[in-house]
Amino acid sequence: MSSNGPDGQELLTNYIAYIPEDGVAQSRIGHLDLQKSTITPLAYPSGTPLSTLYEVIEADGAAFIPSGEPVSLSSVKLLPPISGRDVLAVGKNYSDHAKEFNASGYDASDKVDMPSHPVIFTKRATSIIASGEEIYPHPDFTQTLDYEGEIGVIIGKAGYRIEQKDAWNHVWGYTIINDVTAREKQRDHKQFYIGKSADTFCPMGPIAVPAKKLQGPLRVQTYVNGEKRQEGVTEQLIFSIPVLIETLSGGQTLQPGDVIATGTPAGVGFGLNPPTFLKPGDVVEISVTGLGKLSNRVGSPQMRNYTIDRVAAKSSIPTYNLDITSGGIGLTTLNNKKLFVKEVGSGGSPIVFIHGLGGTNEFYAPLIKVLDLASSHKLYLADLEGHGLSPTSASSVVNIESYAADVLALINKYEVQSPTIIAHSMGCYVAEYIATHNPSAVGKLVLLGPPPPALADAGRQGSHARAAAVRKGGMIAVADTIVAAATSAKTQSSNPIAVSIARLSLLSQNPEDKVSPPEMAKKLGASIAGGGRTEVLPDVAHWHIYEDVEGVAQHVKSFL
């Protein structure tokens, strides 16, 4: 539903979870127009997109704003409005259903028409699916597949031992649930969990709506293949929503985002004469006042149980730097990794740039501008894994070899022939590795500040000490020291912009280099087969382009 706020603007509160058609599997929250079947993306007042209903619940009362043009419901991947936790569920909570259940032969609980206490069970989180997704029939698990249309209550405020008089203060809103059940499992196991928690047995949605937007009793209706099977209103509940909240919170803390399935009216499959269970191809549609329609088809026995794929796709290993691209928008796949790659220029002579540790491809922007390289060359710039816009996984082994493999993958993907490689600092290690192990992949090398071939023990210990300092205190713990050591005295006294940019380059990195002396660089140049050339810029230390872009440009131009 939607209503107007204090300033007269429409409040969009038919909250729907979905994945946009943008190539990135990142959930979003929008408002579903039930008449037009369109979704309006929603954001915080700051403009930050909403990702989950948990955010909506925590920010209850915030006036979320549209964030982009409406999109067709059919163009997105619909998700359950809320997921990730077991659903708290109630059995036998409408008197007519309690009677039909007791008479069915499938009731292995207290076997009375009117329960004295709420019958509580849970549906496992892995059973939750979205409206429109198919219900897996589990042909080897059940022959008594049944439906139960229910109203789901969503908790908005944490509470323990909540009294009935305070219960409504803990309710955020409502959604629709189909409590799909394997009846013989419910009977044989003498409890409900096994029969209720099979994969895909908890369709939910399509939307969630705040309770304050839905006034009066709520009506639930269930249709199977267009035939009405169930109808009930919340006033008919044996145990009211406040009683359920008091009961559930008596020994456990209810959390914001917990969902309570409040029970189903009479008219389920085993209550018909003769009993009629769901079969492949059947469509179950459940509607609730103000909540739209939850619709799911029973799939073929030959269909794959897709829950296992969803579980396998989830990872608890953190990935860093992914949010900066809104989940990976604009990234390129190289070596099965998502990395940022920029291809610019119209010239035929290719140049591949490799930045240094803690840097990004932007290090080369001043040089490209001064020499107008985009007019004369084809340029390939990338952020190494874990740098700039390129994410990295905590499980990824990152080293010179892996960086070199990624650069080679770039060269192969774009079919770059004998490029000039321009590298800086640690990037020189990467370029040297490529030139040594894959000489045919390199035309020319330009190395800016190549580090020593191997660190002495003192240098290695210093690097380890800096790494420990970064892990403890973040990049700010070492940024000033590194910038002071890696920029020249002249730069520090007369080029504050270069100092600031070098510092920002370090501070922008996720917290997870030794400057090359001129003598070492000259020795390296002399060792290159066919002859190398070494140029030393006066009053310039490690950040060559930041400190003296004109000087660097002059020598690079003459080399190219």
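Treat the numbers as computed from the prediction; the structure is a model and nothing was measured.
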Query raised in the report: Can you tell me how far CD1 of I162 sits from OG1 of T253, rounded to the nearest 0.5 angstrom?
Result: 8.5 Å
Query raised in the report: Got K413 and L334 here, is their nearest side-chain heavy-atom distance under 4.5 Å?
Result: yes
Query - Donor-acceptor under 3.5 Å (N93 side chain, V90 main chain) - result: no
Report summary line: Scanning both residues in full, the closest heavy-atom pair of Y160 with Q252 reads CD1-O, 3.8 Å
Query raised in the report: With distance as the sole test, does R297 use its side chain to make a donor-acceptor pair with the main-chain N or O of G281 at under 3.5 Å?
Result: yes
Query - Reported CG-to-OG1 distance for the pair L42 and T48, which is rounded to 0.5 angstrom - result: 13.0 Å
Query raised in the report: What heavy-atom pair brings G388 and T360 nearest, and what distance separates the two atoms?
Result: CA-CG2, 3.5 Å
Requested in this report: Mark yes or no for whether R183, through its side chain, and T144, through its backbone, hold a donor-acceptor pair below 3.5 Å.
Outcome: no
Query raised in the report: CH2/W172 to CD1/I154 distance, rounded to the nearest 0.5 angstrom?
Result: 5.0 Å
Query raised in the report: Are I16 and P81 close enough that some pair of their side-chain heavy atoms sits under 4.5 Å apart?
Result: no
Report task. Look only at the side chain of D383 and the backbone of N361, and say whether a donor-acceptor pair between them is shorter than 3.5 Å. Result -> yes
Query raised in the report: Quick one: does Q143's side chain have a donor or acceptor within less than 3.5 Å of a partner on P139's backbone?
Result: yes
**Report entry** Charged N-O contact under 4.0 Å between K157 and D60
**Finding:** no
Query raised in the report: Does a salt bridge link R124 with D86, judged by any charged N lying under 4.0 Å from a carboxylate O?
Result: no
Query raised in the report: Between Y223 and Q230, does any side-chain donor sit less than 3.5 Å from a side-chain acceptor?
Result: no
Requested in this report: Indicate the ring-plane relationship of H355 and H387, choosing parallel, tilted or perpendicular according to the 30° and 60° boundaries.
Outcome: tilted
Report task. Taking the side chain as every heavy atom from C-beta outward, state whether Y136 and T307 have any atom pair closer than 4.5 Å. Result -> no
Report task. Using distance alone, with no hydrogens and no angle criterion, decide if E184 and T142 have a side-chain donor and acceptor under 3.5 Å apart. Result -> yes
Query raised in the report: Do any N or O atoms from the side chain of S197 and from the backbone of Y193 form a donor-acceptor pair under 3.5 angstrom?
Result: yes
**Report entry** Check: I245 and V243 side chains under 4.5 Å, non-hydrogen atoms
**Finding:** no
Query raised in the report: Does H31 use its side chain to pair, donor to acceptor, with the backbone of T40 at less than 3.5 Å?
Result: no
Requested in this report: Check the pair V180 / C202 against side-chain contact (heavy atoms from CB on, under 4.5 Å), numbers first and verdict last.
Outcome: CA-CA 6 Å; V180 181; C202 189; over 6 Å; no
Query raised in the report: Does Y15 reach the side chain of P210, with side-chain heavy atoms less than 4.5 Å apart?
Result: yes
Query raised in the report: N225 and side-chain contact (heavy atoms from CB on, under 4.5 Å): which partner among V284, L278, V283?
Result: V283
Report summary line: Taken to the nearest 0.5 Å, the spacing of S287 OG from L218 CG works out to 11.5 Å
Requested in this report: Please name the pair of heavy atoms, one in L237 and one in T262, separated by the smallest distance, quoted to 0.1 Å.
Outcome: CD2-O, 3.7 Å
Query raised in the report: Any side-chain heavy atom of T122 sitting closer than 4.5 Å to one from V87?
Result: no
Query raised in the report: So do the side chains of T52 and I82 get within less than 4.5 Å of each other, counting heavy atoms only?
Result: no
Requested in this report: Output, in order, the C-alpha distance, side-chain angles, deciding distance and verdict of side-chain contact (heavy atoms from CB on, under 4.5 Å) for Y414 and V341.
Outcome: CA-CA 11 Å; Y414 292 94; V341 178; 3.7 Å; yes
Query - Where S295 and E285 come nearest, the two heavy atoms and their spacing - result: OG-CG, 3.6 Å
Requested in this report: Walk me through it: do V259 and L88 pass the test side-chain contact (heavy atoms from CB on, under 4.5 Å)?
Outcome: CA-CA 6 Å; V259 180; L88 306 170; over 6 Å; no
Query - Lys/Arg N to Asp/Glu carboxylate O, D282 vs K279, below 4.0 Å - result: yes
Query raised in the report: Can you tell me if NZ on K293 sees more than 12 non-hydrogen neighbours from other groups inside 6.0 Å?
Result: no
Query raised in the report: Without hydrogens or angle criteria, can the side chains of R229 and Y147 be said to hold a donor-acceptor pair below 3.5 Å?
Result: yes
Report summary line: Minimal heavy-atom distance between I238 and P115, with the atoms involved, is CD1-CD, 4.2 Å
Report task. For the pair E55 and Y44, evaluate side chain to side chain donor-acceptor pair (under 3.5 Å) and give the outcome as yes or no after the intermediate values. Result -> CA-CA 10 Å; E55 297 177 45; Y44 292 95; 2.7 Å; yes
Requested in this report: Enter the distance from L254:CG to S249:OG here, rounded to the nearest 0.5 Å.
Outcome: 5.0 Å
Requested in this report: Let me see the working for L381 and V344 under side-chain contact (heavy atoms from CB on, under 4.5 Å), right down to the final yes or no.
Outcome: CA-CA 8 Å; L381 301 104; V344 296; 4.0 Å; yes
Report task. Determine yes or no for a side-chain-to-main-chain donor-acceptor pair under 3.5 angstrom, with T38 supplying the side chain and D33 the backbone. Result -> no
Query raised in the report: Any Lys/Arg nitrogen of K196 or E150 sitting under 4.0 Å from an Asp/Glu carboxylate oxygen of the other?
Result: no
Requested in this report: For the pair E163 (side chain) and K165 (backbone), establish whether a donor and an acceptor sit closer than 3.5 Å, ignoring hydrogens and angles.
Outcome: no
Requested in this report: For the residue pair L384 and D406, establish whether any side-chain heavy-atom pair is separated by less than 4.5 Å.
Outcome: no
Query raised in the report: How long is the span from the CD1 atom in I29 to the OH atom in Y18, to the nearest 0.5 Å?
Result: 8.5 Å
Report summary line: Note: I286 and E148 closest approach over all heavy atoms is CD1-O, 4.3 Å
Query raised in the report: Are more than 12 heavy atoms from other residues, nucleotides or ligands located less than 6.0 Å from atom CG of L272?
Result: yes
Requested in this report: Could you tell me whether a side-chain N or O of T276 sits under 3.5 Å from a main-chain N or O of P274, the two making a donor and an acceptor?
Outcome: yes
Query raised in the report: Between S396 and E385, is a side chain to side chain donor-acceptor pair (under 3.5 Å) present by the stated rule, with each step listed?
Result: CA-CA 9 Å; S396 182; E385 182 179 356; 2.6 Å; yes
Requested in this report: Apply ring-ring contact (aromatic ring centres under 6.0 Å, His included) to the pair H138 and F201, showing each step before the final yes or no.
Outcome: CA-CA 10 Å; H138 294 274; F201 273 22; 5.3 Å; yes
Query raised in the report: Between K338 and T333, does any side-chain donor sit less than 3.5 Å from a side-chain acceptor?
Result: yes
